[in-house]
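Read the structure below first, then the notes.
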Amino acid sequence: MKNKINKDQLIKLCLIFAVAILPFCFFKLANYRFVYGRAIILNILGALLLVILLVKKVKLKLRKENKLALLFLLTLVIATSVSLSYNIALFGNTLRHEGLIVLSIYVLLFIVASNYSIINKKVIMIVMVGGTIITLYAMLQLLGYDFILVDLLHYKEKATPSGFFSNQNFMGSYAVMMATLSSAMYVFHKKKSYLVMATINFGGLLATLTRGCWLSFGLICLITLIQLFKDEEKRKRIWILSICFILMFVSLNFMSNGLLLGRAQTIKDNLDITKEETASGRVELWKTVISTLDDRLLIGTGPDTLRERIEVYNPEAADKLAIEKGKYIDKAHNELLEYLVCGGLFTMIIYAVMCIMIFVKLFKMRKQEEAFILFLLGFGYFTQAMFNISTIGIAQIYWIVLGQSIYVIYRDDKKMFIESE
């Protein structure tokens, strides 16, 4: 049959689903409607992908970065084997679900994406349209309108600018990537539809009120301006994009009664790390996490076990948080620190080296469109992750971006395939 889907198409469909569809997968299961549902779907997707690879006897090339990812995973397996909680380390805690199994799926997606390209205009358009829908929804939520999660499904009591995610910080991570992708596509290809989507995605990023994500996108814009400034046509598009962004900020700030400007004015104070109350409590949180590093530094306590680590190795801090604030810390709000305490020193070093290797190689290829856009996407996510946490629905996109980066770096055919369908 001519229309029969072959193994390569199935594998690519799995990757496209993880990037374009999974962010829309939210449904109410138990008490954790957003993450738990996505965790189930991601596990099914990972199992399906593994079955395809095994049954079809697919041979995957392993580059240096892929081998580092496997070594990274091995350190997490070791940490899981001596974890404070085997169940949590394997399946993740009941709020995050990012245990060893999910992290293994991230690595699987990374390796597969290193061997199969899904970069073409159709897929990019699907991803951008989906992203624009979610970021537009976040803007409406900022203004107090939530027709789906509040009015229709009654999943939430009031509108918060979190899109289809459970937290506006997570929405910020997603919006950074969508704003970066659509902005870069407009600068390179001059389509009005890309300009409209870039402006909406930027508005969705603003709506999250997530300062770390704002700063990350600002850095991406600066890098883009420096790199493309000498190109007169692209420079004109950057100025047009800048004007649209300014108009979006002014309009959204007016409609939200000055909420954006008020939030922006706090950035300077929050950059002062000498104040414990700054950075949304990040500094105090980081100090608490770092205080546990006297124990289990080389081999961590297992994926997703930060809460248990603090309760065992700094019970005074855990009790103080519980009594004074009724809270607990289960994520480090810094991806490198998270891997350090949960996986161990080698886990963090291997992950950092792998990412830096990819970013450096992409930057050296920055005159190629795909390489430069992938650099912006990967580096943009990586920088905001220094103030944020990983979550299912978004993290798998990042790992696939890293995988596509490997594909571009090592591809034999140097043709610009972003133009192809």
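The model shown is predicted, which means the values in this text are computed figures rather than measured ones. Note that these values count all heavy atoms, side chains included, but never hydrogens, waters or copies made by symmetry. In this chain, numbering begins with 1 at the start of the sequence shown.
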Nearest heavy-atom pair of [X] and [Y]: which atoms, and what distance?
X	Y	result
G163	A138	N-CB, 4.2 Å
M365	V408	CE-O, 3.7 Å
G378	V401	N-CG1, 4.0 Å
L76	G343	CD2-CA, 3.8 Å
A198	S182	CA-OG, 3.2 Å
A18	P23	O-CD, 4.1 Å

If the condition is side chain to side chain donor-acceptor pair (under 3.5 Å), which residues does S183 pass it with, not counting sequence neighbours? none
Using a 4.5 Å cut-off on heavy atoms from C-beta on, say whether the side chain of [Y] contacts that of [X].
X	Y	answer
L402	M354	yes
F188	I373	yes
L108	L53	yes
L306	V289	yes
W399	V112	no
I118	Q404	yes
L374	I119	yes
K287	V283	yes

Any chance the side chains of [X] and [Y] put a donor and an acceptor closer than 3.5 Å?
X	Y	value
Y410	K361	yes
R63	S114	no
Y106	E98	yes

Please determine which of T208, T199, N201 meets the side-chain hydrogen bond (donor to acceptor under 3.5 Å, both in side chains) test together with T135.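 Going through the options one by one, the only one that passes is N201.
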Identify which one of D304, N93, T391 satisfies the side-chain hydrogen bond (donor to acceptor under 3.5 Å, both in side chains) criterion when paired with K331. D304
Donor-acceptor check, side chain of [X] to backbone of [Y], threshold 3.5 angstrom: yes or no?
X	Y	answer
S83	T80	no
N388	C213	no
N334	M386	yes
D146	Q141	no
R307	D330	no
T292	T288	no
N43	A39	yes
R38	L22	yes
R235	F229	yes
S216	G380	yes

Could you measure the distance from the [atom1] atom of [X] to the [atom2] atom of [Y]? Nearest 0.5 Å is fine.
X	Y	atom1	atom2	answer
F372	L228	CZ	CG	5.0 Å
L209	L259	CG	CG	5.0 Å
L252	L260	CG	CG	4.5 Å
K327	L321	NZ	CG	9.0 Å
L337	I389	CG	CD1	13.0 Å
L13	L45	CG	CG	10.5 Å

Do the rings of H189 and Y194 sit parallel, tilted or perpendicular, given the 30° and 60° boundaries? perpendicular
Under 30°, 30 to 60°, or over 60°: which ring-plane class applies to F382 and F359, parallel, tilted or perpendicular?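 Taking F359 first and then F382, their aromatic rings stand perpendicular (interplane angle over 60°).
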Applying ring-ring contact (aromatic ring centres under 6.0 Å, His included) between Y381 and each of Y398, F375, Y174, report the one that passes. Y398
Passing option when F245 is tested against Y186, F202, W214 for ring-ring contact (aromatic ring centres under 6.0 Å, His included):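 So the option named by the test is F202.
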Would Y313 and D294 count as a side chain to side chain contact (heavy atoms under 4.5 Å, CB included) if you check the C-alpha gap in whole Å, the side-chain angles of each, and the deciding distance to 0.1 Å? CA-CA 9 Å; Y313 297 117; D294 290 339; over 6 Å; no
C342 and R309: side chain to side chain contact (heavy atoms under 4.5 Å, CB included), yes or no, with the steps? CA-CA 8 Å; C342 292; R309 182 186 183 98; over 6 Å; no
Within 45° cone of Y407 ring axis and under 6.0 Å: R411 NZ or CZ: no
Is it true that Y339 and F72 have ring centroids separated by less than 6.0 Å? yes
Please evaluate residues T210 and M171 with respect to the criterion side chain to side chain contact (heavy atoms under 4.5 Å, CB included), reporting the C-alpha separation (whole Å), side-chain torsions for both, the decisive distance (0.1 Å), and the verdict. CA-CA 9 Å; T210 309; M171 181 63 217; over 6 Å; no
Check against side chain to side chain contact (heavy atoms under 4.5 Å, CB included), E65 and F110: CA-CA 10 Å; E65 294 82 1; F110 169 60; 4.3 Å; yes
Residue F24 excluded, over 12 heavy atoms near CZ under 6.0 Å: yes
